[in-house]
Peer 1: 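Let me give you the structure first, and then I'll get to my questions.
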2 protein chains.
Amino acid sequence: MSQPDDVPTPPWERPRKRQAPARIPLTRERIVDAAFVVLDREGLDKLSMRQVAAELGVAVSALYAHVEGKDELFELMYARLFDHAELPDPDPDNWQEQIKDYARAGRQRLLRHRDMARISMAHAPFTADLLPHVEKLFAVLRAGGLPDKVMAIAGDLLSTYMEGFTLEESMWQERLNDASWKQVGAEIRDYFSSLPPERFPNMVALADLLVGESNDYRFELGLDIILRGLATYAEEDPGKSSRDRRHERE
Amino acid sequence: MSQPDDVPTPPWERPRKRQAPARIPLTRERIVDAAFVVLDREGLDKLSMRQVAAELGVAVSALYAHVEGKDELFELMYARLFDHAELPDPDPDNWQEQIKDYARAGRQRLLRHRDMARISMAHAPFTADLLPHVEKLFAVLRAGGLPDKVMAIAGDLLSTYMEGFTLEESMWQERLNDASWKQVGAEIRDYFSSLPPERFPNMVALADLLVGESNDYRFELGLDIILRGLATYAEEDPGKSSRDRRHERE
DNA sequence: TCCATTGGTGAACAGTGTTCAGAAGAAACT
DNA sequence: AGTTTCTTCTGAACACTGTTCACCAATGGA
């Protein structure tokens, strides 16, 4: 959002009057909104308190009356991502797909804003306001009939994969910037193909696959590997055959 | 402090005036060394070019004659981690354990220096000097009989898990400062246990497991899940069966 | 009308990464 | 020796950063 009137006021009409009688009060919401505008336009490295203040047409110090500092601003931005995210109720017959949806939704959230994966990585491991999401993820995992100890690590594993994959994905895009993914992919593929085959036989052979046709496909395959691994634990438990899994809901 | 060659310099050769603290020339190596000293003592947030220069007793601008900037310094620090790391030759009968060792070694590398996981995350996806490591990882995966498509994503998956897990692990430690892991773990466990059970039944039930007895154990379990998932692809068929094709998109 | 409270201002502080004209030092040549 | 050349390091500056704080404008209540 650009300022409507950025025309420099001539020196002769300098009554000490404020321009807008309808001064919209500054709120946390508006600050976070402005931060997202700056983030999407300039990127994380250029996202400074001063830029956010400028976006709002306000002095830097005004922000500190509403927000504790830059760290809290990041916290608020991160929380904003989960505003309209709801997980479905656990369905024991469909738990694997539900888990995948959880990861897919997380990735899409991070891709919605530029550099959001980096912000997500810097985020604290757990914050109170998104505990409900983790809880519901566990509910789905429980419906899958997984042993407790596996459930406990599965959440981390899935989140870590989703965040890490998306971070890498967006770093590629940022680095070779503003090129479409097709071009980026071709560039990377060409690089791998050009390596000396005697020293890097596997990388040359896999060049086409290392950067798949689409990131979506690569992401799905990784998800599949994890889900298959989890499933082995579900089937392994003698008391809980796959047919009886629907009774596991509690 | 002895001279490299202790043969007395013949008098007809140019006599060295300066024998006292001979000015050790600044090199990339010494700069990286100093950077690690500052990093371990002060943490990543306090690691600035000026701090590194001060550690060396030198002006800031002197660094820029040897190092392109802070980004390249981070690059050099990251590369340093791989200096004495060698992967074993692929052993088809033991590929799963070899893969695990790869991940374990990576985690240990990152834990060796404070905040190193964060630096690793900011690192570019691929840099030329550690291509040999990736190549050898692929060699081991190939020895496991994995399909090409799975191999191509497995590298990412493993690295992502290893880096993400270690990052989270070290962020916990940094946040609850200077406490031993036993205390940190107890604190987290108590927090999860204290949640309202009607809203968070799973988290309360899993409180003990969410922060395992040791991080080592949790890391191993996650590795096991991934390896089991990979193994399902290896067992399917060495020669591209129909089940394999199920994941191909035409 | 005066007063008090709130929210925004502008300047300042202590940092940051990076650049660049020039000083210091060692080596080489005359 | 003296002089020049070349490299390395210095000091000061620039344009930023997050954050704080004394002040000031505007509003609501008495």
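Below, read A as the first sequence line, B as the second, and so on, with proteins coming before strands; counting in each chain starts at 1.
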Peer 1: To the nearest 10°, give me the bend of the helix from C:dT1-D:dA30 to C:dT30-D:dA1, comparing the axes of its five terminal pairs at either end.
Peer 2: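 Result, rounded to 10 degrees: 30°.
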Peer 1: My understanding is that only residues two or more places apart in sequence, or in another chain, count here; which of them pass salt bridge (charged side-chain N to carboxylate O under 4.0 Å, His left out) with A:D71?
Peer 2: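 With neighbours one apart ignored, the set is empty.
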Peer 1: For residues 76-84 of chain A, which side-chain donor-acceptor pairs fall under 3.5 Å, sequence neighbours excluded?
Peer 2:
unit_1 : atom_1 : unit_2 : atom_2 : d
A:R80  : NH1    : A:D33  : OD1    : 2.8
A:R80  : NH2    : A:E29  : OE1    : 3.0
A:R80  : NH2    : A:D33  : OD1    : 3.4

Peer 1: Touch check for B:A62, heavy atoms < 4.0 angstrom, all strands: base, sugar-phosphate only, or nothing?
Peer 2: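 Touches a base.
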Peer 1: Between D:dT8 and B:H66, is there an OP1 or OP2 to side-chain N/O distance shorter than 4.0 Å?
Peer 2: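 No, no such contact exists.
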Peer 1: What does the B/S/- profile of nucleotides 14-19 of chain D look like, 5' to 3', with a 4.0 Å heavy-atom cutoff to protein?
Peer 2: ---BBB
Peer 1: Which residues satisfy the side-chain hydrogen bond (donor to acceptor under 3.5 Å, both in side chains) test with B:D45, sequence neighbours excluded?
Peer 2: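 For B:D45, the residues satisfying side-chain hydrogen bond (donor to acceptor under 3.5 Å, both in side chains) (neighbours in sequence not counted) are B:R118.
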Peer 1: Can you list everything that forms a salt bridge (charged side-chain N to carboxylate O under 4.0 Å, His left out) with B:K100? Sequence neighbours excluded, please.
Peer 2: B:D224
Peer 1: Side chains of residues 160-168 of chain B: which donor-acceptor pairs under 3.5 Å do they make with residues two or more places apart or in other chains?
Peer 2:
unit_1 : atom_1 : unit_2 : atom_2 : d
B:T160 : OG1    : B:D156 : O      : 2.9
B:Y161 : OH     : B:F219 : O      : 3.0
B:E163 : OE2    : B:S120 : OG     : 2.4
B:T166 : OG1    : B:M162 : O      : 2.7

Peer 1: Among B:I31, B:L26, B:V32, whose side chain to side chain contact (heavy atoms under 4.5 Å, CB included) with B:V67 holds?
Peer 2: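 It is B:I31; the other options fail the test.
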Peer 1: For residues 49-59 of chain B, please give each side-chain donor-acceptor pair under 3.5 Å, one per line with the distance, not counting sequence neighbours.
Peer 2:
unit_1 : atom_1 : unit_2 : atom_2 : d
B:E55  : OE1    : B:R41  : NH1    : 3.3
B:E55  : OE1    : B:R41  : NH2    : 2.9

Peer 1: Taking only residues two or more places apart in sequence, or in another chain, which ones meet A:D40 in a side-chain hydrogen bond (donor to acceptor under 3.5 Å, both in side chains)?
Peer 2: none
Peer 1: Please give, in whole Å, the distance from C:dA26 P to B:L26 CG?
Peer 2: 15 Å
Peer 1: What is the distance, to the nearest angstrom, from the CG atom on B:L63 to the P atom on C:dT16?
Peer 2: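 In whole Å, C:dT16 P and B:L63 CG are 13 Å from each other.
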